[in-house]
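Since the structure comes first, as structure tokens, the remarks are kept for the end.
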Amino acid sequence: MGCYKGSEVNQQMEGVSKYWVSCRLEKGKSILMFVAINADGSVVQETENGSWWTQNGNIMNFIKQIM
């Protein structure tokens, strides 16, 4: 459990910066908050809710909805 953050610049598209925070919460709940800043300065923000669990030593995620 806990929250993890990350970012990338110019990795998938030139001039696009991406930032995210992924949290795995108690009782198997998860949330992913994502922000992209495009080359023209426009901002895209998404939040995904879902669930997580472990299976055979791997962390598994299931996204229930995108807001």
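Computed from a prediction, not measured in an experiment: that's the story for all the values here. Computed from heavy atoms alone, side chains included, the values below leave out hydrogens, waters and symmetry copies.
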**Report entry** Spatial distance of atom CD1 (Ile31) from atom CG (Asn49) [nearest 0.5 Å]
**Finding:** 4.5 Å

**Report entry** Closest contact, heavy atoms only, Tyr19 versus Ile37
**Finding:** CE1-CD1, 4.0 Å

**Report entry** Heavy-atom closest pair, residues Glu14 and Ala39
**Finding:** O-CB, 4.4 Å

Query raised in the report: What is the minimum heavy-atom distance between Ser30 and Ser51, and which atoms define it?
Result: OG-N, 3.4 Å

Query - Worked check of side-chain contact (heavy atoms from CB on, under 4.5 Å) between Glu8 and Trp20 - result: CA-CA 9 Å; Glu8 66 180 44; Trp20 60 90; 4.1 Å; yes

Query raised in the report: What closest approach, in Å, do Trp52 and Met1 show between heavy atoms, and which atom pair accounts for it?
Result: CZ2-CG, 3.7 Å

Query raised in the report: Quick one: do Tyr4 and Val21 end up in the same hydrophobic cluster if we chain Ile, Leu, Val, Met, Phe, Trp and Tyr together by side-chain heavy atoms under 4.5 Å apart?
Result: no

Requested in this report: Report the distance from atom CH2 of Trp53 to atom CG of Asn61, rounding to the nearest 0.5 Å.
Outcome: 7.0 Å

Report task. Check for a donor-acceptor pair, side chain of Asn38 on one end and backbone N or O of Asp40 on the other, with a separation under 3.5 Å. Result -> no

Report task. Hey, could you give me the CZ/CD distance between Phe34 and Gln45, rounded to the nearest 0.5 Å? Result -> 10.5 Å

